[in-house]
Trainee: 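This is the structure I want to talk about, given as structure tokens.
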Amino acid sequence: MAANTTVISQSQLQEQFAFCDKIQSFWHQAARTPTAYVETYGCQQNEADSQTLRGLLIQCGYTMQQSAEGADVVIMNTCAIREHAEQRVFGNLGALTHTKRRHPEQKIFLCGCMAGQDAVCQRIRKSYPHVDGVFNTQHLWRFPELLYLALTTKKRQFFTLDTPDPIAEGLPMHRDNPLKAWVSIMYGCNNFCTYCIVPYVRGRERSRRPEHILAECRELLAKGCKEITLLGQNVNSYGKDLAEKIDFSDLLAQIAQLDGEFLIRFMTSHPRDAGKKLFDTMAEYPKIAKQLHLPFQSGSSRVLKAMNRHYDREKYLEAVRYAKSKMPELVLTSDVIVGFPGETEEDFQETLSLIREVRYDSLFTFIFSPRPGTPAASMEDPTPAQEKNRRFDQLCALQNSISEELHRNYIGKTLPCLVDGQEGSLLTARTEGGRLVRFPGSSNWIGRYMPITITGATTWSLTGSVKE
Ligand code: SAH
Ligand code: SF4
Ligand code: F3S
């Protein structure tokens, strides 16, 4: 384990569980069962953190509810990736003054990636007095202590100081869907892409030990889980900080050899370290879904350099070509940023041509948002917002037409899909590549892999039926 990683000890963990017990007694004396609501604003890692917070709240005796109204505890688990995400949080935080007025004992907390920014913490201290506590992701494991102090001292709690980036094993998690689970394999990021806030708010890269990850996967499978998604900001650098020699492909192969009928997905792969070994491993094991989320961000090598991405257009395309040659059925998705500072029309055209060449099944598209403290926020950016919007619309139109075409190619095929839920009168399922299928059927199929014949397609999803 690298010198900057702190592993939370058993006694530190037991101390937190003792706070859970004290909170339970607190509510026992008040003679009622308290309620809590956790709102998630960010990515899958943010959601995985929310599941841990729900696990801890349940251990403290709370019952989870679906809204802030009347809840004894409200936690806003925030995202700082774009300005818009932060504005939404501040807006919703303001609105909580009303719910608190109706329920003055309500405790409101803010955590997640926004809590990793000093300016945000200062703003909360000054302008949001109804917020009872703030904690950053590095302090998440200390939530029972923070909650106990907030309940018993009535003082506002700020657990936001820099800490050596910790790993806490053994925290309870509350997962809603027994069929699908997110498993964090690592935390933080070392890449410092020039536009991105994540390394500043989530700390340095640190990998969980493989035996902990495997034990968690085994436990999930024993409980009937059918789909495990491994999470990290850059899963391909898994293991670099561990003493033993293990990389992400080795970890994937070990999980793929566990018993049971299930699929493994993972995100996010950084193209910088996505090499042949990864694609060979994906191709070798049937339990690894033939789905790859490989963000390219820009099709222009010049812009990629300014983004500090450590690959160029050609290297990216080479990786995609190799992956497709190994897995012809591969479903590819990606992230792209339009309007990075200094992006010219020519750079933008290169992004469009890369999209045409790769033909993604779907894309997550973003307009550049300057994040205070990142290098890109102070780069010269002469392109007017209107022009960025025009590029964005043009890119989305191109991608939509590709998604629609690719989806149309599914029609007539019969694919094994995990039936994962119900929407009105229809069931929902996912193909191995992660595409959403709606189809009529019996709710006792939920949790099973069924052969679904695709009968219709739109830009976003497929429709199908099961031949009986
Ligand atoms: N670790 C992942 C992505 C995490 S953030 C990776 O490296 O691929 C998810 C996506 O948000 C990024 O891929 C990027 O496309 C987008 N994003 C990040 N910072 C942004 C910013 N400042 N403005 C606009 N989009 C941004
Ligand atoms: Fe952000 Fe880059 Fe790290 Fe992804 S790899 S989280 S985009 S710094
Ligand atoms: Fe995720 Fe947003 Fe943080 S995308 S890592 S929750 S900044």
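Numbering of ligands and ligand atoms starts at 1, following listing order. Here the structure is a predicted model, which means the values were calculated and not measured.
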Trainee: Pro199 heavy atoms, cut-off 4.0 Å: which ligand 2 atoms fall inside?
Mentor: 8 (S)
Trainee: Run the salt-bridge test on Asp49 and Arg202 with the 4.0 Å N-O cut-off and return the result as yes or no.
Mentor: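 Yes, this pair counts.
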Trainee: To which protein heavy atom is atom 7 (S) of ligand 2 closest, and what is the distance rounded to 0.1 Å?
Mentor: Tyr195 OH, 3.4 Å
Trainee: When you compare ligand 1 with Tyr195, is there at least one nitrogen or oxygen pair between them that comes in under 3.5 angstrom?
Mentor: yes
Trainee: Distance under 4.0 Å to a non-hydrogen atom of Arg371: what atoms of ligand 1 satisfy this?
Mentor: 22 (N)
Trainee: Can a cation-pi geometry be assigned to Arg142 and Phe159, taking NZ or CZ under 6.0 Å from the six-membered ring centre and within 45° of the ring axis?
Mentor: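 Yes, Arg142 lies over the aromatic ring of Phe159.
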Trainee: Which label fits Phe266 and Phe248: parallel for a plane angle under 30°, tilted from 30 to 60°, or perpendicular past 60°?
Mentor: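 Ring orientation of Phe266 relative to Phe248: perpendicular.
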Trainee: Which residue and atom name correspond to the protein heavy atom nearest atom 1 (Fe) of ligand 3, and how close is it?
Mentor: Cys43 SG, 2.3 Å
Trainee: Evaluate whether atom CD of Glu346 has more than 12 neighbouring non-hydrogen atoms of other residues, nucleotides or ligands under 6.0 angstrom away.
Mentor: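 Not more than 12 within 6.0 Å, no.
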Trainee: Which atoms of ligand 3 are found less than 4.0 Å from any heavy atom of Cys113?
Mentor: 3 (Fe), 5 (S), 6 (S), 7 (S)
Trainee: Look only at the side chain of Asp165 and the backbone of Arg204, and say whether a donor-acceptor pair between them is shorter than 3.5 Å.
Mentor: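 A pair under 3.5 Å: yes.
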Trainee: For the rings on Phe366 and Phe392, is their centre-to-centre separation under 6.0 Å?
Mentor: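 No, too far apart.
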Trainee: Answer yes or no: is there an ion pair linking Glu345 with Arg390, defined by an N-O contact shorter than 4.0 Å?
Mentor: yes
Trainee: List ligand 2 atoms under 4.0 Å from Phe192, heavy atoms only on the residue side.
Mentor: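 So the atoms of ligand 2 that pass are 8 (S).
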Trainee: So is Gln44 touching ligand 3 or not, going by heavy atoms under 4.0 Å?
Mentor: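 Heavy atoms of Gln44 never come under 4.0 Å of ligand 3.
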Trainee: What atoms of ligand 2 come within less than 4.0 Å of a heavy atom belonging to His270?
Mentor: 5 (S)
Trainee: Do we see a donor-acceptor contact under 3.5 Å between the side chains of Ser50 and Asn77?
Mentor: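 Indeed, the side chains of Ser50 and Asn77 share at least one donor-acceptor pair under 3.5 Å.
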Trainee: Record the part of Asn234 in heavy-atom contact with ligand 2 below 4.0 Å; permitted values are side chain, backbone, both and neither.
Mentor: neither
Trainee: Below 4.0 angstrom from a heavy atom of Asp335, which ligand 1 atoms are there? Numbered from 1 as shown, please.
Mentor: 9 (C), 10 (C), 12 (C), 13 (O), 15 (O)
Trainee: With respect to atom 3 (Fe) of ligand 2, which of Cys43, Gly188, Cys196, Cys189 exhibits the smallest heavy-atom separation?
Mentor: Cys189
Trainee: Taking the minimum heavy-atom distance to atom 26 (C) of ligand 1, which of His270, Arg202, Arg82 ranks first?
Mentor: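 That would be Arg82.
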Trainee: Would you mind checking if Arg209 and Glu169 are paired as a salt bridge, meaning a charged N to carboxylate O distance below 4.0 Å?
Mentor: no
Trainee: What protein heavy atom sits nearest atom 5 (S) of ligand 1, and how far away is it?
Mentor: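 Of every protein heavy atom, Ile81 CD1, 3.5 Å lies nearest to atom 5 (S) of ligand 1.
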Trainee: Between ligand 1 and Gln233, is the shortest N or O to N or O distance under 3.5 Å?
Mentor: yes
Trainee: Between Phe296 and Tyr360, is the ring centroid distance below 6.0 Å?
Mentor: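 Yes, ring centres under 6.0 Å apart.
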Trainee: For atom 8 (S) of ligand 2, what is the nearest protein heavy atom, given as residue, atom name and distance?
Mentor: Cys193 N, 3.4 Å
Trainee: Is the shortest distance from a heavy atom of Ile337 to ligand 1 less than 4.0 Å?
Mentor: yes
Trainee: Is any side-chain N of the basic residue among Lys240 and Asp273 closer than 4.0 Å to the acidic one's carboxylate O?
Mentor: yes
Trainee: N/O/S of Cys79 less than 2.8 Å from atom 3 (Fe) of ligand 3?
Mentor: no
Trainee: Which residue supplies the protein heavy atom nearest to atom 6 (S) of ligand 2, what is that atom called, and how far is it?
Mentor: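 Answer for atom 6 (S) of ligand 2: Gln233 OE1, 3.5 Å.
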Trainee: Applying a 4.0 Å heavy-atom criterion (strictly less than), which segment of Arg202 is in contact with ligand 3: side chain, backbone, both, or neither?
Mentor: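 Answer for Arg202: side chain.
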Trainee: Starting from atom 5 (S) of ligand 2, locate the nearest protein heavy atom and write down its residue, its atom name and how far away it is, to 0.1 Å.
Mentor: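 Nearest neighbour among protein heavy atoms for atom 5 (S) of ligand 2, to 0.1 Å: Asn191 ND2, 3.4 Å.
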Trainee: Does at least one non-hydrogen atom of Arg309 fall below 4.0 angstrom from an atom of ligand 2?
Mentor: yes
Trainee: Please report which non-hydrogen protein atom sits nearest to atom 24 (C) of ligand 1, along with the residue it belongs to and the distance in Å to one decimal place.
Mentor: Ile367 O, 3.4 Å
Trainee: Which of the numbered atoms in ligand 3 are under 4.0 angstrom from any heavy atom belonging to Asn46?
Mentor: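 So the atoms of ligand 3 that pass are 6 (S).
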Trainee: Determine, for Arg54 against Glu47, whether the closest basic-nitrogen to carboxylate-oxygen distance falls under 4.0 angstrom.
Mentor: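 Salt bridge between Arg54 and Glu47, a charged N being under 4.0 Å from a carboxylate O: yes.
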Trainee: List ligand 1 atoms under 4.0 Å from Phe368, heavy atoms only on the residue side.
Mentor: 23 (N), 24 (C)
Trainee: Tell me the protein heavy atom at minimum distance from atom 7 (S) of ligand 3, and give that distance in Å.
Mentor: Ala80 N, 3.2 Å
Trainee: Distance under 4.0 Å to a non-hydrogen atom of Ser369: what atoms of ligand 1 satisfy this?
Mentor: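 In order of numbering, the contacting atoms are 21 (C), 22 (N), 23 (N), 24 (C).
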Trainee: Among all protein heavy atoms, pick the one closest to atom 14 (C) of ligand 1 and tell me residue, atom and distance.
Mentor: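 Answer, as residue, atom name and distance: Gln297 OE1, 3.4 Å.
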Trainee: Less than 6.0 Å separating the ring centroids of Phe90 and Tyr128?
Mentor: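 Yes; Tyr128 has its ring centre under 6.0 Å from that of Phe90.
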Trainee: Checking side-chain polar atoms at under 3.5 Å, does Tyr41 have a donor or acceptor matched by the opposite partner on Glu39?
Mentor: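 Short answer, yes.
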Trainee: Identify, by atom number and element, the atoms of ligand 3 in contact range of Gln233, meaning under 4.0 Å from any of its heavy atoms.
Mentor: 5 (S)
Trainee: If we ignore angles and hydrogens, is there a donor and acceptor under 3.5 Å between the side chains of Ser301 and Asp312?
Mentor: no
Trainee: Quick one: nearest non-hydrogen protein atom to atom 6 (C) of ligand 1, plus distance?
Mentor: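 Closest protein heavy atom to atom 6 (C) of ligand 1: Thr268 CG2, 3.8 Å.
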Trainee: Please identify which atoms of ligand 1 are closer than 4.0 Å to at least one heavy atom of Arg309.
Mentor: 7 (O)
Trainee: For atom 8 (O) of ligand 1, which protein heavy atom lies nearest, and how many Å away is it?
Mentor: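 Closest protein heavy atom to atom 8 (O) of ligand 1: Pro295 CG, 3.0 Å.
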Trainee: State, yes or no, whether a side-chain contact exists between Arg371 and Tyr195 at a heavy-atom distance under 4.5 Å.
Mentor: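 When only atoms from C-beta onward are counted, Tyr195 and Arg371 do not touch, as no gap falls below 4.5 Å.
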Trainee: Answer yes or no for Lys388 and Phe368: cation-pi contact, defined as NZ/CZ to six-membered ring centre under 6.0 Å and angle to ring axis within 45°.
Mentor: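 No, Lys388 and Phe368 do not form such a contact.
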Trainee: Examine Tyr200 together with Phe192 and report whether their ring centres are nearer than 6.0 Å.
Mentor: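 Yes: the rings meet the under 6.0 Å criterion.
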Trainee: Has Thr374 got any heavy atom lying under 4.0 angstrom from an atom of ligand 1?
Mentor: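 Not so, Thr374 does not reach ligand 1.
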Trainee: Output the list of atoms in ligand 3 that are nearer than 4.0 Å to some heavy atom of Gly42, sorted by atom number.
Mentor: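 Near Gly42, meaning under 4.0 Å from one of its heavy atoms, ligand 3 has 6 (S).
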Trainee: Determine, for Glu227 against Lys287, whether the closest basic-nitrogen to carboxylate-oxygen distance falls under 4.0 angstrom.
Mentor: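 No salt bridge links Glu227 with Lys287.
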